[in-house]
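Everything on this sheet refers to the single structure shown next.
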Number of protein chains: 4
Amino acid sequence: MGETRKPIPTLVKDQGLVRLRRGQIIRAAVDLFVEKGFHKTTTREIARATGIGIGTLYEYIQSKEDVLYLVCDFIHTDVEEKLTALLAEQRTGRDTLVHAIRSFFKIMDEMQDYVLLIYQESKSLPDEMLHYVLAKEEVIMRHFEKILERGAKDGSLNIEDGSRKLMAHNITVLGQMWAFRRWFLRRYYTLEQYTERQVSLLLKEMS
Amino acid sequence: MGETRKPIPTLVKDQGLVRLRRGQIIRAAVDLFVEKGFHKTTTREIARATGIGIGTLYEYIQSKEDVLYLVCDFIHTDVEEKLTALLAEQRTGRDTLVHAIRSFFKIMDEMQDYVLLIYQESKSLPDEMLHYVLAKEEVIMRHFEKILERGAKDGSLNIEDGSRKLMAHNITVLGQMWAFRRWFLRRYYTLEQYTERQVSLLLKEMS
Amino acid sequence: MGETRKPIPTLVKDQGLVRLRRGQIIRAAVDLFVEKGFHKTTTREIARATGIGIGTLYEYIQSKEDVLYLVCDFIHTDVEEKLTALLAEQRTGRDTLVHAIRSFFKIMDEMQDYVLLIYQESKSLPDEMLHYVLAKEEVIMRHFEKILERGAKDGSLNIEDGSRKLMAHNITVLGQMWAFRRWFLRRYYTLEQYTERQVSLLLKEMS
Amino acid sequence: MGETRKPIPTLVKDQGLVRLRRGQIIRAAVDLFVEKGFHKTTTREIARATGIGIGTLYEYIQSKEDVLYLVCDFIHTDVEEKLTALLAEQRTGRDTLVHAIRSFFKIMDEMQDYVLLIYQESKSLPDEMLHYVLAKEEVIMRHFEKILERGAKDGSLNIEDGSRKLMAHNITVLGQMWAFRRWFLRRYYTLEQYTERQVSLLLKEMS
DNA sequence: AATGAATGAGAATTCATTCAT
DNA sequence: GATGAATGAATTCTCATTCAT
């Protein structure tokens, strides 16, 4: 597997400092992007919210798109870390899947704004960066794929090989939709209701 | 039920002319938005592609956002019309649903670019316009809801009342995702495969 | 002979207006460039001095370099027109040459600042534009070349073919140097003295 | 005669070190200026090419213009040194002149880029520095003036006093033009041809 | 003496919108 | 109704210079 992250050039040599400042930039930018969207956020606002000068901002990035990429990457990494942590305690087969779905939906709920952000703004990324972001998205899907694979092997999940990708895709998408279509879903379901019904739907297919 | 469309003010009195010119504007703008996105498309480009002067453009709209709204509304209306047409020949119960899903997925496939457009750009609409767009989205979902209702009544679909909204939502979303996540799905499935597997998944829940 | 001028794109359709406004822009810019140089003149200053808004300026040009090109082209055209006018009354042979040199040196004196401008700023032009400017420079040299050719033919000037380009070059350069090195020459010579001595020098070679 | 060089203030006390570092700076900057021009070269680039930090650069100079001055002065000094060396073996009268011209033209050929640099960028110097640079230019002209004077005295050159400055000026300028107008001259003459024809032209005047 | 992170004034350019014709 | 020239606020990004370490 190749590199999973595109390195963004910086004029600053001290790598520790770069990590620190970029962390500050990301935290400031993510809120602004959520609030006003990428296009309506100005670089000056990002700098001000970060607590640094506009000139300093450009010591750590090369273009406004770089900030968007850093933000997208940060969100994906965060999702993945949480997912990985939650899946550390690996039970077997079907149980793992149920557990994973519940966890993932919960994460999607917590990170609503960020999920939305990626869905709506990642199109503004330059091609190459977009590829990296989509690759990360796939990494997340592959978590579910692996669980499905395990379940198929130990006999607790009944799913043919050709449907595995699709099922992993569905799980991911239905989780993200809790965030993306909250304007609709929240009117009729709580997170728990939404989760349990989707779990039931998804498992019925695989019984 | 309230108005289903927000009237956009115009300086021109002749209603026929307004409809004509706006049609031209929409057709020009939709292609530009698909190609470069809403923000990167300029009003000048819209006017040029429409074949009218920039001043004339502003006789028919009041702001660039108006164009985006007209475009979104046009797309939704198109989807709905196609859906309505395809559902005119109403069979009963489960058959109708399967037919509807297949039709809807096909429409989503044909209108890929437009689905994408709405997913990515509707956030740029002013609040009020966004509400109208989301309301239209619901109208589409309600099509499926009604079919589900009919199926429940005639006994051919086994679905409890509380799950109906969710199911309609899932159908809609999974259809849209064929367009939105084509970068992934196309690698593994054809439209037919995707459709049949999703149909099978959705129906198993309701057997 | 190919096109002698590079067309600069404009957003304004009315060709008469374009000529008018560009004339205003050139007149404003040439003074600013003479006074502070190309790099230290801002586009806003050019707009202000022209009496138009910054946005309007960019309706008539595409970049700051365009203004520099327009200015360089204007100066060259001006020199050439003056030269052509002065040479209309064509005497023969050596007389014409003497007359031409005197005229040219006088023009160089009148246009000192502009000659300087071209010598110092034309390097800031994009490659293609620079070629057009150098081509114009050659057109001016060719005026002298032709006179030399005529003189050689009618026997009043003794110059071999291979030296003609060089001689035309020398005349042009020594004229321009009256402007370019005024900081030195003015201390010791008046324009008349400079002219007569150079004429004498140049003619001695060709006797 | 006054000072021939403007002292540039430095924060560093050790004079030897100053000379060393400034030498490095000049060598780095001259190439950059030739390649991209003064304005498009950044101080950061100069520092990097010199192999020192940007902070260190400013220990040895006070402004970017200082670097330009150091570079111009270096070039002039170089020209002068080469000229002086070549003229050490002083023959008499007319021979010396011919020898000097040939040498000078050769130097101009070797230093093409640098001659161009001075012609195009010295205008960016602050007034006072510009005066020093022009003074150096005069020093070079005076070399030729002296030779002409000697030739006049020993009878080998026929030139009246009032023309001496002009003749020295012409020699200098025609030499520099080999560099400055290479885009034209190179098409028709080699350095040797150019030199011999100019020598012949200049000497005819003085026979 | 050396360093390089921080800075912010300033620059070119864009673009939605207006309004006189 | 149609037009398109005029506008200037807004935006991204640069870069010479400083100063604490």
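Letters A, B, ... are given to chains in the order of the sequence lines, protein chains preceding strands, and every chain is numbered from 1.
Within a 6.0 Å sphere centred on NZ of B:K40, heavy atoms belonging to other residues, nucleotides or ligands number 12 at most.
When the C1' atom of F:dA6 is taken as reference, atom CG of C:L20 falls 14 Å away, rounded to whole Å. Taking atom NZ of residue B:K13 and atom P of nucleotide F:dG1, one finds them 7 Å apart after rounding to whole Å. Protein atom CZ of D:F38 is 13 Å distant from nucleotide atom P of F:dC15, rounded to whole Å. Separating the CG atom of A:L57 from the P atom of F:dT11 is a distance of 15 Å, rounded to the nearest angstrom. Atom-to-atom, NZ of A:K36 to P of F:dT11 comes out at 8 Å; the value is rounded to the nearest Å. Atom CZ of D:R22 and atom C1' of E:dA1 are 15 Å apart (whole Å). Atom CZ in B:R48 sits roughly 14 Å away from atom P in F:dT3 (whole-Å rounding). Rounded to whole Å, the distance from CD1 on A:I61 to P on F:dT14 is 10 Å.
Under 4.0 Å is where a charged nitrogen must lie from a carboxylate oxygen, and between A:E59 and A:R21 no such pair does.
Summary of the strand contacts: C:E65 and D:D14 both lie near DNA chain E, and taking for each the nucleotide with the nearest heavy atom, the more 5' one is attributed to D:D14. Annotation: of the two residues near DNA chain F, A:I54 and C:G53, the 5′-most nearest-nucleotide partner is C:G53. Nearer to the 5' terminus of DNA chain F, by closest-nucleotide assignment, is the contact made by C:G51 (compared with the other of A:T56 and C:G51).
D:K64 forms a cation-pi arrangement with D:F38, by the criterion of a distance under 6.0 Å to the ring centre and an angle within 45° of the ring axis.
For B:T43 and E:dC15, the shortest distance from a side-chain N or O to OP1 or OP2 is not below 4.0 Å. For F:dT14, neither phosphate oxygen OP1 nor OP2 lies less than 4.0 angstrom from any side-chain nitrogen or oxygen of A:Y58.
The line from CE of D:M129 to CG of D:L70 is 7.5 Å long, rounded to the nearest 0.5 Å.
With a 4.5 Å cut-off on side-chain heavy atoms, B:Q120 and A:K123 count as touching. A:Y69 places a side-chain heavy atom less than 4.5 Å from the side chain of A:V133. At a threshold of 4.5 Å between non-hydrogen side-chain atoms, the residues D:L130 and D:L134 count as touching.
Counting non-hydrogen atoms under 4.0 angstrom, D:T10 reaches nothing in the nucleic acid. Here B:R21 lies in heavy-atom contact (under 4.0 Å) with sugar-phosphate atoms only. At the heavy-atom level, C:T42 lies under 4.0 Å from the strands shown only through sugar-phosphate atoms.
Side-chain to base pairing of C:R44 with E:dT13: one donor and one acceptor N or O lie within less than 3.5 Å of each other.
Closest to the side chain of C:Y60, from the set F:dA6, E:dA6, F:dT3, is F:dA6. When each of E:dT13, F:dA5, E:dA6 is scored by its nearest atom to the side-chain atoms of C:L17, the top-ranked nucleotide is F:dA5. For C:E59, the side-chain atoms get nearest to F:dA6 when compared with the rest of E:dA12, F:dT3, F:dA6.
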Given A:K136 and A:T77, is the side-chain contact (heavy atoms from CB on, under 4.5 Å) satisfied, shown in steps?
CA-CA 8 Å; A:K136 276 247 165 151; A:T77 301; 2.8 Å; yes
For DNA chain E, what string of dots and brackets results from 5' to 3' when Watson-Crick and G-U pairs need both distances under 3.5 Å, crossing pairs get [ ], and pairs with another strand get |?
.||||||||||||||||||||
